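First comes the structure, then the notes that go with it.
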Amino acid sequence: MSQRILFVCLGNICRSPAAEGVFRARAHHHAADSAGTSDWHVGEPPYGPMQRAARARGLDLSDLRARQFIAADFDRFDLIVGMDDGNIAKIEALRPAGNATPVRLLTDFAAQTGADHVPDPYYTRDFDGALDLIETAIDGLIAYLDA
Ligand code: 4NP
């Protein structure tokens, strides 16, 4: 069954657009979007260094534009996927009363890596490391959705 997945990070210019791009490229039968918990980069394309690291893997993120996560997203998606515990807390703070949409960490789908969050490459500058972890976790997420 086709599912609607929303990927969420802080700025929506590094981790969540990368996750959206990898997911779209690998899961044509599902729908995806991404958003940031902050409004810092609304309307901007993904961060240049992340776009370049993704393009080196054949992934074009240039059409994506940042937007802020809103409470209505709980009703528009079947699963919301955050990159770290800070994202999860900000997401949960907007959950409408009575809404039961699952919210998970992306790394929940990459248990074999031992990672408990996707480190923010905006700060670590390790864009390839973030993409490696995101690719592994997206494969796990797709296997979970299609099981
Ligand atoms: P992201 O990374 O949450 O993966 O998009 C960030 C991008 C920008 C900022 C923080 C995190 N910032 O402080 O502008």
Side-chain angles (χ1 to χ4, degrees), residues 3-28 30-96 99-145:
Q3 302 220 45
R4 300 162 297 174
I5 313 300
L6 180 65
F7 298 99
V8 178
C9 63
L10 175 57
N12 194 209
I13 57 168
C14 290
R15 294 165 294 172
S16 63
E20 178 186 355
V22 171
F23 185 86
R24 282 173 179 265
R26 298 183 182 192
H28 304 281
H30 297 296
D33 192 12
S34 65
T37 59
S38 77
D39 65 0
W40 301 339
H41 298 280
V42 169
E44 295 177 22
Y47 189 49
M50 178 53 93
Q51 281 202 54
R52 287 190 283 279
R55 193 173 303 124
R57 300 175 184 222
L59 211 57
D60 182 0
L61 303 179
S62 63
D63 286 343
L64 302 178
R65 294 294 178 271
R67 72 168 178 91
Q68 188 169 22
F69 178 80
I70 55 173
D73 287 319
F74 276 99
D75 297 317
R76 295 184 182 142
F77 293 91
D78 300 303
L79 173 65
I80 298 170
V81 180
M83 302 296 140
D84 59 40
D85 285 338
N87 304 151
I88 302 293
K90 290 270 173 53
I91 293 165
E92 289 291 357
L94 292 179
R95 184 188 289 277
N99 177 279
T101 304
V103 175
R104 302 282 299 273
L105 280 170
L106 184 60
T107 47
D108 288 351
F109 304 99
Q112 71 272 33
T113 66
D116 63 0
H117 68 293
V118 181
D120 193 336
Y122 192 79
Y123 301 114
T124 68
R125 313 309 292 176
D126 185 6
F127 297 92
D128 272 306
L131 280 170
D132 285 342
L133 179 53
I134 288 167
E135 289 189 321
T136 297
I138 291 295
D139 284 342
L141 171 60
I142 294 168
Y144 165 80
L145 294 174

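Here the structure is a predicted model, which is why all the values come from computation and not from measurement. Numbering starts at 1 and runs along the sequence shown. For ligands, and for the atoms within them, numbers begin at 1 and follow the listed sequence.
- Each of L141, T136, I138 was compared with V22 under the side-chain contact (heavy atoms from CB on, under 4.5 Å) criterion, and only I138 meets it.
- By the 4.5 Å heavy-atom criterion applied to side chains, P45 and Q51 are counted as neighbours.
- For F69 and F7, the ring centers are positioned 6.0 Å apart or more.
- Among protein heavy atoms, atom 12 (N) of ligand 1 sits closest to Y122 CE2, 3.4 Å.
- With respect to atom 14 (O) of ligand 1, the closest heavy atom belonging to the protein is H41 NE2, 2.6 Å.
- Shown in contact with L10 at under 4.0 Å from a heavy atom are these atoms of ligand 1, numbered in order with element: 3 (O), 10 (C), 11 (C).
- Summarising the geometry, atom CG belonging to D120 is positioned 10.5 Å from atom CE belonging to M83; distances are rounded to the nearest 0.5 Å.
- With hydrogens left out, the protein atom closest to atom 1 (P) of ligand 1 is C9 SG, 3.5 Å, a heavy atom.
- In this structure, the side chains of F127 and C14 come closer than 4.5 Å at one or more pairs of heavy atoms.
- Heavy-atom distances between Y47 and ligand 1 stay at or above 4.0 Å for every pair.
- Side-chain contact annotation: S34 with N12, donor-acceptor N/O pair under 3.5 Å present.
- Contacts with ligand 1 closer than 4.0 Å are made by side-chain heavy atoms of D120 only, the backbone lying farther away.
- Here the closest non-hydrogen pair linking L79 and T101 is N-CG2, 4.2 Å.
- Of the polar atoms of Y123, at least one N or O is found under 3.5 Å from an N or O of ligand 1, judged by distance alone.
- Of all atoms in ligand 1, listed by their number and element, those nearer than 4.0 Å to a heavy atom of G11 are 1 (P), 3 (O), 5 (O).
- Counting atoms of ligand 1 from 1 in the listed order, those under 4.0 Å from a heavy atom of W40 are 12 (N), 13 (O), 14 (O).
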